[in-house]
Each structure stands twice: as C-alpha cells, then as structure tokens.
Participant: 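First the structure, then my questions, so here it is.
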Amino acid sequence: MGMMENSAIFMAPLLLRNTVTSLLVYADKSILVLAEKYKVLEIFRYLVIASFLFFLRLFPSFSQSLKADDDYTFNSTQSSGYFFGYGGVGDSGIGRALSQLLWSVNDIPVSSSKYGIVRSLAERLIEENNKEDIEALREMNRSVLSAAFSRTLCLVEAAMVELGQGRVGHYGAGFGPVCYQLNRLLRAVGVGSGRVGVSPSGNSAEKLAAELLWLAEKLAGCGFEEEAVERWASASNLAALSLSAEPRLQGSLVKVSAFLFKQMKDMDSEAIEEGSRQTKMKMLTSWLPLLCRGSNGTDMPVLSLSERAELEKILEDTIGMLQHEKQEQVLSLWLHHFTYCPSSDWPNLHASYARWCTTSRKLFLSPLKM
C-alpha cells in the first residue's frame, strides 16, 4: 500500500503538468486565430505563455522534492522533470517515451554528446511506428509530433521575446509593445534571467528553429505535413518577430518556411477547398515578408539557386489559386517588403504582379465595353 500511495503522490504533479500542457497546446491554435483580430486576446495569449513557462520552471524542483521526501524511485515513467505527455494515444508507454524524447531534444544543448543519442532514439521510434503501418501507431506519431511542433513554436517565440527581439517591427503594427510587455513579465517572474523561456539548458532560438525544421520533416515523412503547415501558417506573431531577428535566426526560419511551402504545394491539389485556401493565404501573408528580408544569409546563402527557383514557382502558383482580391493583398504585401529590402532581389514575383495588373485592367474595362 505504501508504494501505491507514494506512486499516486508522485504521479499527481505529472498528471497536472500533462493536463495543463495539453490544454495550452491545443487551445493555442484557436487563440492565435482570434488574436489576429483582437489585440486584447494577443496580450492575453502572451500572459498565458509566460505563466506556463513559469509553471514549467517551478515543476522540476517540486516533483523532485516530492520524490526525495517519499524516498521512492518511480521507474516506469521517471524523467527527472522532463516528462511530457500530450493526451490521447500519447498516454501509452510508447507514446510517453516518444513524448519524453522530443521534450529532451528541445532541452539538451547541441554541443552535448547526449543530444545525438536522444535525437536518434526519437527518430528510431518514429520510423518504427511508421513502418508498422498500423493506424493507432500512425495516430500516435501524428499526435505526439504535432504537439512537439506546437511546443517548439512557443519556445522559439518566447525565446525571441525574452532576448528583446521584435520590439520594433515594420510589419504588424502594435506588436512590438506587446512583446516588450511580455519580455518585462518574463524577467519579473525570473524566467528571463534564467533563460528557461528558451529551455532549462538555455538553448538558443536558432537551435530550436532548426528543431522546428526537423519536426516538420518528421511530420511530412509520416504523411502529416498538413499538421505542420497549418500551425506554421497560424504563427503570425512569430513571423512578425522574425522580421527584426538576427540574420542567422532569420535564415533558420526561412528554411522552415521554404520546406513547408513546398509541402503545401501538394495539399488539395485536385480540389482546392475553402479551408486550404485560407491556410495558403495565411502562409503567404505571414511568411512572405520574411522570405523577402531573410533569404540572403551571412556566411553563405540560406537557399541554393535551384531551391530559390523552385520556391519562387511554388509562390507564383499558390498566388494564382487565390481569388483576385486576395491576390491583390498578397502582391501588395510582397511589393512593400521586396522594395523595402534593397539587399535582396528574391523572391521576384514580378510575373505574378504583371498578370494581376492585366486582369485588373480587363475587369475595369469590362463594364465600359458593354
């Protein structure tokens, strides 16, 4: 009985953490959509993220003190403060293992020899689940990877705010003051000084952005690229922050955008549904400005010439699928950022712009000819 009682005591905070994390991850997507229209909700979202990060900071020491007081070692789900569950199929043993590995990938510095070991273990579990060709295991991969992608998105955004990036942005009026307020809040609760807004190990936003690309590739490899595309398209706040980020971080985010634009190309290719149109519109309006500004690189080009040409064609085709009024919004946004950054001449969407102008002229003259 004593062992069962101790187990229940130790598991209670873990279950609380899982519940709070699951609620945040799955509610954040809905809040993002509303936050684009209402600034009050945008501020509320940052307060929730800051509170969540503060909660994560307190949790490891709390769970470890419970463990020490009870003089009990919990073997089957012990994780030294890094246990992470996403609910549903992720509550199985193999799901918890994959969740914990993906959590640890975020937290371990790249310089550590443990990083490669943990990441390879996660890749092995993902690939083995996928090879089984069983729907329950596929759903497990989708659920756990999607939640890990959302969590990493939050960590990158929080890291950029913590470091003071994005206070002044040419894109997204009013966003800078909100970021600054969150930055002050993070430091007030002690998150900023300890850098746990990034990870317990103090990992950089650039490292986390590279892991976003890795997670997106894993989702696409399992056939769930739409999960990453939809979340990336909704990350308008991160996109706004990225415009004033340091060049190396911009380059990492450009790589994620380029990969997901390519994945988006094949989504609903036969019949473009309204939901798909909205996702493509959000992808373009959120991340096209960064492509204009952050594609040069410092030491070497972020994208090769062939990658640029391919992505440029994808952008043109995607814009061509939009309604005429939506095309105007996207092309106006492109022209602004394309001319605002004189050091870059990519993506060059002049052909799309010329076609839109020709169509607009015909629409204008059509009533006059009747």
Side-chain angles (χ1 to χ4, degrees), residues 17 20-32 35-36 39 41-60 81-82 84 86 102-110 146-169 172 175-216 231-232 234-246 248-250 252-253 256 286 290:
R17 175 178 180 164
V20 173
T21 302
S22 298
L23 288 173
L24 178 69
V25 167
Y26 290 108
D28 186 62
K29 185 177 179 181
S30 300
I31 296 175
L32 270 175
E36 293 174 0
K39 186 176 179 181
L41 285 178
E42 182 179 319
I43 298 173
F44 173 74
R45 176 175 176 264
Y46 278 110
L47 291 173
V48 171
I49 292 174
S51 300
F52 176 66
L53 293 172
F54 186 54
F55 169 76
L56 290 183
R57 186 185 188 190
L58 291 178
F59 182 83
Y82 296 102
F84 191 77
Y86 299 107
L102 294 178
W103 176 288
S104 298
V105 166
N106 284 155
D107 292 341
I108 300 174
V110 178
S146 296
F149 188 86
S150 294
R151 174 184 183 265
T152 308
L153 267 177
C154 289
L155 287 175
V156 173
E157 186 174 334
M160 294 173 69
V161 172
E162 180 188 347
L163 295 174
Q165 300 188 35
R167 291 187 190 178
V168 179
F175 185 80
V178 176
C179 294
Y180 179 63
Q181 292 164 14
L182 176 61
N183 188 34
R184 292 182 63 186
L185 176 62
L186 286 169
R187 296 186 183 281
V189 299
V191 172
S193 59
R195 294 184 59 89
V196 292
V198 184
S199 76
S201 305
N203 291 321
S204 68
E206 184 183 347
K207 179 253 189 188
L208 293 167
E211 287 163 3
L212 275 175
L213 177 59
W214 175 68
L215 289 167
R231 284 163 174 74
W232 194 246
S234 298
S236 57
N237 289 341
L238 178 61
L241 281 171
S242 70
L243 297 183
S244 54
E246 57 187 26
R248 290 180 64 88
L249 177 55
Q250 283 188 335
S252 297
L253 296 174
V256 180
S286 293
L290 177 64

Participant: Is the shortest heavy-atom distance from the side chain of Leu102 to the side chain of Trp214 under 4.5 Å?
Facilitator: yes
Participant: For Asn237 versus Glu157, what's the shortest heavy-atom pair and its separation?
Facilitator: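 Nearest heavy atoms, Asn237 then Glu157: CB-OE2, 3.6 Å.
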Participant: Over all heavy atoms of both residues, which pair between Leu249 and Ala209 is shortest? Give the atoms and the distance, please.
Facilitator: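 Distance-wise, the nearest heavy atoms are CD1-CB, 3.9 Å.
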Participant: How far does CG of Leu241 sit from OG of Ser236, to the nearest 0.5 angstrom?
Facilitator: 10.0 Å
Participant: State the CD-CD distance between Glu211 and Glu206, to the nearest 0.5 angstrom.
Facilitator: 11.5 Å
Participant: Which heavy atom in Lys207 sits nearest to a heavy atom in Ile108, and how many Å separate them?
Facilitator: NZ-O, 3.0 Å
Participant: What closest approach, in Å, do Leu238 and Met160 show between heavy atoms, and which atom pair accounts for it?
Facilitator: CD1-SD, 3.4 Å
Participant: Compare every heavy atom of Phe149 with every heavy atom of Leu212, then report the nearest pair and how far apart it is.
Facilitator: O-CE1, 3.4 Å
Participant: Find the distance between CG (Asp107) and CG (Leu155) and round it off to the nearest 0.5 Å.
Facilitator: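 So the gap between those two atoms works out to 7.5 Å.
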Participant: Does any non-hydrogen side-chain atom of Leu253 lie less than 4.5 Å from one of Gln250?
Facilitator: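 Heavy-atom side-chain distance check fails, nothing below 4.5 Å.
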Participant: From Asn106 CG over to Leu208 CG, what is the distance, rounded to the nearest 0.5 angstrom?
Facilitator: 5.5 Å
Participant: What heavy-atom pair brings Ala159 and Ala205 nearest, and what distance separates the two atoms?
Facilitator: CB-CB, 3.9 Å
